[in-house]
Amino acid sequence: MTTYEIILKKRNGKQLTKSEIEYLVSGYTQGTIPDYQFSAFLMAVFFQGMSFGEITALTEAMIRTGKIFDLSDITGFKIDKHSTGGVGDKVSLILAPLVAACGGINVPMVSGRGLGHTGGTLDKLESIPGFRTDLTENEFKKQLKKIGVAMMGQTKELAPADKKIYALRDITATVDSIPLIAASIMSKKLAEGIDGLVLDVKTGSGAFMRELNDANKLAKVMIEIGKRMGKIVVALITSMEQPLGNMIGNSIEVIESIECLKGNGPKDLMEVSIALSEEMLLMGNIVKTKEQARQLLANAINSGIALEKFRQLIKYQEGDERVIDNYNILPQAKYRIEVKSHKSGYIQKIDTLAMGLLSVELGCGRRTIDGKIDDSAGFILKKKIGDYIKKSELLVEVVGQDKNKVKTVSKKILSAYKIGKEKVKPPRSILQRM
Ligand code: URA
């Protein structure tokens, strides 16, 4: 079949074979299939969907464009966590050292940069002076063996098809497609050479899957792909109805993560971090029950070993580990504007997509592939859904290096908040386990 015929077949709602999918993915990655034809294929998938078999074939084909890390000489379970993306989602920075500190599980984490309105773990880590995320496979393995945790960016060898396809999806309105998201995430994660994966599938106003039903479908698909490829996969569906924690940005999210490891984390962020960490400990057979997991995690925080693990991780990756005790080492914002409430009432809704987009406008994320990030920029949220606020009371602090951006963005913040007379409950953090 020609590329044209395969596109036509998908456009007409037919199932593609494994070899047709392989042909398209390898051809596009090698450059023999042009952007315009692969875009048409992506759009056909967006409208026609894919069967489990097709999504698995797509994932496998994407993995085969690169290599799979061989972590077989590392003893103990290798378990990673992946989030589908959110605003203020700094869970990886907390969970990776926390789980590794409990012992018995290795956490090989390959993370991404900010995508669209969502923040990226790599951008947050790189706000720590000196921190290297460009580890080689050897460095990654060596570090895992030594300290049980390593966090790096996608290399050229790890599912290179995903990088190329993702960039194309980003500009052809084909990001929010369940088969494409599932294959993108699972190809990267399964190429890490892990035994198991805990997924944090986000839903709500700041998630790619706004509806619970869609998040549920996405989770099911990723679990099924994992199963077909012999991996244990568990998913939690968690809320992105409001930003997670109180900080949105890069260096300020690092501060909030360190505070979590010191035992001072905000409730919603700790709930999600602990729930996902529990799943990792259960999956690795480190504990038998959730209660035991909870206890072990609490001990790791209270005794300070989780914080020490984060210090060790920063040091191994050449970051300035003094940041743990001195936040002034991080890039500091020059400008700060206080956004105050225009009326009294309860915070009823936060448009989290809008907050994410505003954070990008402020400089927390990139607007172009090679755009520059302002590590110091961000929002410090003083009130969340369910809180009462008085007229003229502080709602959000906007910080950053660029005076104009801080000014412009701070003027737009209020429109993301719905404040009303009726009291509302804060959204539940964990919605489902699958
Ligand atoms: N995260 C990914 O890695 N890929 C997607 O397609 C969406 C979120």
Side-chain angles (χ1 to χ4, degrees), residues 25 28-29 38-39 41-43 45-46 49-50 54-56 58-63 65-66 80-92 108-124 133 151-156 158-192 194 197-211 214-223 225-226 231 233 235-238 240 244 276 352-353 356-357 360 365-366 369:
V25 171
Y28 181 59
T29 311
F38 207 79
S39 305
F41 165 68
L42 292 173
M43 195 54 87
V45 171
F46 183 90
M50 277 183 147
E54 285 176 295
I55 305 171
T56 308
L58 179 61
T59 308
E60 284 173 335
M62 285 164 70
I63 294 174
T65 58
D80 192 6
K81 184 272 322 181
H82 187 81
S83 155
T84 55
V87 179
D89 181 3
K90 62 221 39 105
V91 169
S92 292
M109 196 176 267
V110 177
S111 304
R113 302 200 175 276
L115 285 179
H117 68 284
T118 66
T121 300
L122 296 182
D123 298 329
K124 296 172 211 219
T133 57
M151 298 173 85
M152 66 180 282
Q154 198 176 354
T155 63
K156 281 196 203 88
L158 267 184
D162 174 60
K163 211 170 180 175
K164 196 165 174 196
I165 296 172
Y166 194 90
L168 190 63
R169 286 168 59 209
D170 210 16
I171 51 169
T172 55
T174 50
V175 170
D176 50 344
S177 145
I178 290 176
L180 299 179
I181 294 178
S184 161
I185 291 176
M186 296 305 281
S187 63
K188 278 180 290 220
K189 291 287 142 177
L190 298 176
E192 286 172 12
I194 48 173
L197 177 64
V198 174
L199 291 165
D200 179 5
V201 181
K202 304 254 175 235
T203 186
S205 69
F208 287 117
M209 298 289 115
R210 293 174 79 94
E211 303 300 326
D214 288 332
N216 194 292
K217 270 193 222 157
L218 175 61
K220 266 196 193 136
V221 171
M222 291 195 286
I223 291 170
I225 297 174
K231 309 289 173 194
V233 183
L236 294 185
I237 300 190
T238 69
M240 198 25 74
L244 199 50
L276 292 161
T352 311
L353 169 63
L357 291 171
V360 175
R366 292 174 194 80
I369 288 174

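For ligands, and for the atoms within them, numbers begin at 1 and follow the listed sequence.
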Tabulating one pair per line, provide the atom names and distances (0.1 Å) for every N/O atom of ligand 1 that is less than 3.5 Å from a protein N/O atom.
unit_1: ligand 1; atom_1: 3 (O); unit_2: Lys188; atom_2: NZ; d: 2.5
unit_1: ligand 1; atom_1: 4 (N); unit_2: Ser184; atom_2: OG; d: 2.7
unit_1: ligand 1; atom_1: 6 (O); unit_2: Arg169; atom_2: NH1; d: 3.0
unit_1: ligand 1; atom_1: 6 (O); unit_2: Arg169; atom_2: NH2; d: 2.9
unit_1: ligand 1; atom_1: 6 (O); unit_2: Ser184; atom_2: OG; d: 3.4

query: Taking the inter-plane angle between the rings of His117 and Phe208 on a 0 to 90° scale, is it parallel (under 30°), tilted (30 to 60°) or perpendicular (over 60°)?
result: perpendicular
message: Looking at Lys163, I'd like to know if its NZ atom is crowded, meaning that more than 12 non-hydrogen atoms belonging to other residues, nucleotides or ligands lie closer than 6.0 Å.
response: no
- request: Verify side-chain contact (heavy atoms from CB on, under 4.5 Å) between Gln154 and Asp162, making sure each step is shown before the conclusion.
  value: CA-CA 10 Å; Gln154 198 176 354; Asp162 174 60; 3.9 Å; yes
Test item: side-chain donor near acceptor, Ser83 and Asp89, under 3.5 Å: yes
query: So do the side chains of Val110 and Lys188 get within less than 4.5 Å of each other, counting heavy atoms only?
result: no
N-O pairing of Arg210 and Asp176 below 4.0 Å: no
